[in-house]
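All remarks here apply to the structure that follows.
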Amino acid sequence: GIKIIYNAEYLENSPLGKAEWIKFVSLFFNKEKEAEKIFSEIENEYNRIKQLARDADNAPLVFSGKSDQGKWHVPAGESFAAAFLYDAGADYPWKEIKQNNVLEVDFEEVLDKAQTADWWVITGSCNEEYSLDKLLAEDNRYKHFDAFKNKKVLFCNVDQSDYFGRGVAEPHIILSDLIYYFHPGILKNYNPHYFFPLK
């Protein structure tokens with residue numbers, strides 16, 4: 001006899017779009033005004049730091065994901081993950097793909113498009129400390145990427161942070177993490193919460 005109400009937050013293509021579903025949840029607790037206030041604060045802060053990134057002098061080339069059983073899954077150009085990169089003032093190799101899904105591509109295509117990229121961003125799971133050596137042990141070809149050579153690989157360990165839970169409600173913090181690395185000096189005295197460079 002329990003009624004079911006569908007939450008379609010996972011279909012949103014923008015970080016703020018996902019966060020706005022706090023208003024939906026608030027209806028079950030009669031906290032609509034509180035939710036409006038919280039989301040307004042999130043939205044204002046997100047747009048503030050997004051503008052800082054837009055005003056930056058450069059747009060680093062950034063790619064994401066990694067190879068899995070011979071295939072590499074990358075976000076399409078209009079996806080949620082790609083939106084974070086754009087809003088952080090980055091360029092993205094698959095921006096021309098006007099889809100919002102995940103693309104399955106060959107390793108060679110990623111190497112062709114991203115070999116000289118400035119940054120490599122990975123969201124993954126590891127029950128111990130992850131490192132550049134462990135990444136390389138998974139696929140020796142990773143050594144050909146400039147981002148790997150220059151130790152500019154950002155990793156979010158979802159075993160140690162609630163990226164897919166709390167992170168949905170904190171898009172401004174995830175964005176701040178990315179801007180902190182992509183545009184050094186813009187966010188002074190900032191301490192990252194989700195993404196950290198592999199050593």
Side-chain angles (χ1 to χ4, degrees), residues 10 15 18-19 42 45-46 49 53 56 58 60-75 79-94 102-111 113-199:
Y10 69 98
K18 281 182 179 282
I42 292 170
E45 179 61 8
Y46 189 97
I49 57 178
N58 67 315
L61 185 63
V62 181
F63 69 111
S64 67
K66 58 180 180 170
S67 181
D68 181 26
Q69 298 180 346
K71 292 295 181 181
W72 200 306
H73 296 91
V74 301
S79 65
F80 168 79
F84 261 129
L85 299 181
Y86 303 143
D87 291 347
D91 194 9
Y92 180 58
W94 287 269
V102 174
L103 307 172
E104 186 178 271
V105 300
D106 294 327
F107 188 104
E108 290 74 16
E109 179 181 338
V110 180
L111 188 62
K113 290 179 175 289
Q115 183 174 6
T116 61
D118 301 287
W119 287 94
W120 179 2
V121 177
I122 303 171
T123 301
S125 175
C126 187
N127 56 14
E128 55 187 28
E129 187 174 350
Y130 202 54
S131 67
L132 289 171
D133 287 342
K134 287 182 179 177
L135 178 62
L136 189 62
E138 295 175 12
D139 195 318
N140 190 53
R141 295 175 295 176
Y142 290 152
K143 66 185 178 185
H144 298 298
F145 290 98
D146 286 356
F148 182 89
K149 296 175 188 176
N150 298 325
K151 299 182 179 181
K152 290 189 172 183
V153 182
L154 298 179
F155 184 66
C156 173
N157 190 347
V158 298
D159 279 1
Q160 298 175 358
S161 69
D162 194 13
Y163 179 84
F164 293 111
R166 187 179 182 92
V168 173
E170 296 181 335
H172 56 305
I173 294 179
I174 293 174
L175 184 64
S176 293
D177 278 15
L178 298 175
I179 292 174
Y180 175 77
Y181 295 109
F182 297 167
H183 306 285
I186 284 184
L187 299 179
K188 293 179 171 47
N189 302 317
Y190 178 78
N191 295 312
H193 294 74
Y194 291 94
F195 286 96
F196 299 92
L198 291 182
K199 299 177 180 178

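Just so it is clear, the values below take in all heavy atoms, side chains as well, and ignore hydrogens, waters and symmetry mates.
For D177, there are no salt bridge (charged side-chain N to carboxylate O under 4.0 Å, His left out) partners at least two apart in sequence or on another chain. Here D162 pairs with nothing under the salt bridge (charged side-chain N to carboxylate O under 4.0 Å, His left out) rule; sequence neighbours left out. Every residue was checked against the side-chain contact (heavy atoms from CB on, under 4.5 Å) condition with K199, not counting sequence neighbours, and none meets it. Remark: S131 engages D133, K134 in a side-chain contact (heavy atoms from CB on, under 4.5 Å) (not counting sequence neighbours). Here Y130 pairs with F155 under the ring-ring contact (aromatic ring centres under 6.0 Å, His included) rule; sequence neighbours left out. The ring-ring contact (aromatic ring centres under 6.0 Å, His included) search around Y194 returns none, not counting sequence neighbours. Among residues two or more places apart in sequence or in another chain, the side-chain contact (heavy atoms from CB on, under 4.5 Å) test is passed with T123 by C156, V158, Y163, F164, F195. Not counting sequence neighbours, the partners of F63 by the ring-ring contact (aromatic ring centres under 6.0 Å, His included) test are W120, F145. With sequence neighbours left out, A83 forms a side-chain contact (heavy atoms from CB on, under 4.5 Å) with P15. For E104, there are no salt bridge (charged side-chain N to carboxylate O under 4.0 Å, His left out) partners at least two apart in sequence or on another chain. Applying the ring-ring contact (aromatic ring centres under 6.0 Å, His included) rule to F84 yields the partners F80; only residues at least two apart in sequence or on another chain are considered.
Of the inter-residue distances, the one linking I186 atom CD1 with I179 atom CD1 reads 6.5 Å to the nearest 0.5 angstrom. Between atom OH of residue Y86 and atom CG of residue L175 there is a gap of 14.5 Å, rounded to the nearest 0.5 Å. Atoms CG and NZ, from L61 and K113 in turn, are 10.5 Å apart once rounded to the nearest 0.5 Å. A distance of 7.0 Å separates CZ in R166 from CD1 in I173, rounded to the nearest 0.5 Å. Going from atom NE2 of H172 over to atom CD1 of I174 covers 9.5 Å, rounded to the nearest 0.5 Å. Rounding to the nearest 0.5 angstrom, the gap separating the OG atom in S67 from the CG atom in L111 is 11.5 Å.
Residue pairs satisfying the side chain to side chain donor-acceptor pair (under 3.5 Å) criterion with at least one member in residues 143-154, sequence neighbours excluded, are absent.
Taking every heavy atom of both residues into account, A81 and P75 meet most closely at CB-CG, 3.6 Å. When all heavy atoms of P192 and Y181 are compared, the closest pair comes out as CG-OH, 3.3 Å. Of all heavy-atom pairs spanning A88 and L178, the tightest one is CB-CB, 3.8 Å. Contact record, K18 with V168: CB-CG1, 3.9 Å, taken as the closest heavy-atom pair. Closest approach of V153 to F148, counting heavy atoms only: CG2-CA, 3.9 Å. Here the closest heavy-atom approach between residue C126 and residue N157 is recorded as O-ND2, 2.7 Å.
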- Message: Could you go through D87 and Y46, starting from their C-alpha distance and side-chain angles, then the distance that decides it, and tell me whether this counts as side-chain contact (heavy atoms from CB on, under 4.5 Å)?
- Response: CA-CA 9 Å; D87 291 347; Y46 189 97; 2.6 Å; yes
- Task: Assess whether side-chain contact (heavy atoms from CB on, under 4.5 Å) is satisfied between K71 and D106, documenting all intermediate values.
- Result: CA-CA 5 Å; K71 292 295 181 181; D106 294 327; 2.6 Å; yes
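Considering only heavy atoms from C-beta on, W72 stays 4.5 Å or farther from E109 through its side chain. In this structure, V110 and W94 have side chains that are in contact, with non-hydrogen atoms separated by less than 4.5 Å. Counting only heavy atoms from C-beta outward, the side chains of P171 and I42 approach each other to under 4.5 Å. Between N58 and D118, every side-chain heavy-atom pair lies at or beyond the 4.5 Å cut-off.
No side-chain donor-acceptor contact under 3.5 Å links Y92 to the backbone of S64. Using a distance-only test at 3.5 Å, with no hydrogens or angles considered, no donor-acceptor pair links the side chain of H183 to the main chain of P60.
Shown here is Y142, whose OH atom has more than 12 heavy atoms of other residues, nucleotides or ligands within 6.0 Å.
Aromatic ring orientation, W119 versus F182: tilted (interplanar angle from 30° to 60°).
The existence of a salt bridge linking E108 and R141 is confirmed by a sub-4.0 Å separation between a basic side-chain nitrogen and an acidic carboxylate oxygen.
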